[in-house]
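All remarks here apply to the structure that follows.
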There are 2 protein chains.
Amino acid sequence: MSEELAARGQTTAAQVRKDLSHFGSFGKRGLGYRVRELRASLQRIIGVDRPWRVALVGAGRIGLALFEYPAFRARGYECVAIVDSDPEKIGTVWGNLTIRGPEEFETIVASLDVELIILAVPGPAAQELAARAVDAGVKGILNFAPIRLNVPPRVPVEDVNLIMELEALSFAITQAQRDA
Amino acid sequence: MSEELAARGQTTAAQVRKDLSHFGSFGKRGLGYRVRELRASLQRIIGVDRPWRVALVGAGRIGLALFEYPAFRARGYECVAIVDSDPEKIGTVWGNLTIRGPEEFETIVASLDVELIILAVPGPAAQELAARAVDAGVKGILNFAPIRLNVPPRVPVEDVNLIMELEALSFAITQAQRDA
DNA sequence: GCATGTGAATAGGTTCACAGCC
DNA sequence: GGCTGTGAACCTATTCACATGC
């Protein structure tokens with residue numbers, strides 16, 4: 001039931017029903033939802049009913065942590081290439097992949113059908129690599145660089161900015177202390 | 001001017017002015033804002049005009065990546081302790097810190113005045129550690145575990161869920177392809 | 001009878017546009 | 001003259017409440 005889904009999702013039953021109604025009608029009145037079917041429908045809507053080919057750009061510590069994060073593959077995000085500009089790292093093998101140099105980037109994206117990149121490089125390099133990725137056909141970017149990437153609007157970008165997350169905590173705590 | 005701030009923040013001039021008006025009046029009509037002063041005011045409002053003491057809970061790859069991320073310290077978030085439950089890791093030294101076992105957690109939080117924790121442990125362990133952190137006096141949690149932490153409402157939690165970020169990209173791309 | 005799906009009502013947030021002040 | 005700060009208008013999102021259909 002929407003009530004149970006809401007409890008799990010930290011929201012309200014009405015919200016669940018209204019959100020679902022944007023995409024269709026998935027339940028049965030008087031009964032609720034059949035979970036397997038609903039899940040399958042949502043997976044299709046979100047687009048995670050098929051694997052996605054991902055390239056990791058930046059083989060630093062964040063890149064490594066992400067590369068070894070098993071949940072990615074488990075959820076259908078398959079890392080098919082790693083690129084880094086550090087000559088020390090190029091040629092190194094991680095798992096079943098060899099780290100490539102940035103000059104091969106376009107070739108890799110095209111030949112391996114890379115759809116998404118995880119951009120985990122220092123700020124200054126990020127914009128150029130993002131632009132090259134988009135030109136090479138990448139369709140979306142998960143960006144860890146603390147800059148606002150300038151890419152065409154058709155290419156979605158999700159920013160992960162850990163400093164801002166911590167600052168959100170600092171703000172919430174500071175506010176609460178002031179109110180008290 | 002609000003116009004310039006908006007351009008940098010990917011928003012509109014009216015939005016910038018309205019947002020600032022929530023906290024006070026910071027500009028001069030006809031002139032715009034004095035950047036140094038505005039920045040100082042905002043830092044005070046957000047609560048980042050002083051350092052914050054942070055403990056890292058979970059010394060896996062994500063923990064390591066975060067620990068070595070220099071921007072944290074640069075922005076005033078100082079890691080004062082590391083906790084992990086792996087006996088192999090306890091006693092290991094990272095930088096100037098020795099990794100401690102979870103049984104010392106409460107002592108550490110109290111004696112070192114830990115205000116925030118970065119929770120980078122596997123899902124199952126996260127809830128218990130979060131609860132213990134809160135009981136020990138932690139005021140906010142940056143949560144990397146893919147679960148919804150159950151903590152009192154006075155303790156803000158920021159979730160970082162990379163799978164959901166990737167899924168947001170998959171959804172945006174899938175939607176765009178459907179519309180086309 | 002019971003829970004969905006959905007119009008209507010409400011709340012919240014963004015944009016407009018201009019009075020007020022430098 | 002020029003830009004802020006802010007009510008008013010607008011738009012979007014959430015909540016309510018009930019008709020609908022199993």
N-O pairing of B:Arg53 and B:Glu115 below 4.0 Å: no
Ion pair B:Glu128/B:Arg132, N-O distance below 4.0 Å: yes
For [X] and [N], what is the distance between atoms [atom1] and [atom2] respectively, to the nearest whole Å?
X       : N     : atom1 : atom2 : answer
B:Arg34 : D:dT4 : CZ    : C1'   : 16 Å
B:Arg29 : D:dC3 : CZ    : P     : 14 Å
B:Glu3  : D:dC3 : CD    : P     : 9 Å

Please list, by residue number, the residues of residues 15-25 of chain B whose heavy atoms come closer than 4.0 Å to an atom of DNA chain D; answer none if no residue qualifies. B:Arg17, B:Lys18, B:Ser21, B:Ser25
Starting from the C-alpha separation in whole Å, work towards a yes-or-no answer on side chain to side chain contact (heavy atoms under 4.5 Å, CB included) for A:Ile46 and B:Thr174. CA-CA 7 Å; A:Ile46 295 170; B:Thr174 305; over 6 Å; no
Candidate pair B:Leu166 and A:Leu142, rule side chain to side chain contact (heavy atoms under 4.5 Å, CB included), full reasoning: CA-CA 7 Å; B:Leu166 284 173; A:Leu142 181 60; 3.9 Å; yes
Quick one: sort the A:Tyr77 and A:Phe72 rings into parallel, tilted or perpendicular, breaks at 30° and 60°. perpendicular
Compare all side-chain heavy atoms of A:Leu119 with those of A:Leu56 and state whether any distance is below 4.5 angstrom. no
Take A:Gly30 and A:Gly27, find for each the nucleotide of DNA chain C with the closest heavy atom, and name the residue whose nucleotide sits nearer the 5' end. A:Gly30
Mapping A:Ala14 and B:Lys28 onto DNA chain D by nearest heavy atom, which one lands closer to the 5' end? B:Lys28
Chain A vs DNA chain C, heavy-atom contacts under 4.0 Å, first-to-last nucleotide span, 5' to 3', is C:dC2 to C:dA8
Given 3.5 Å as the limit, does a donor-acceptor pair link the side chain of B:Gln127 with the main chain of B:Asn150, or not? yes
Separation of A:Glu88 CD from A:Ser85 OG (nearest 0.5 Å): 12.0 Å
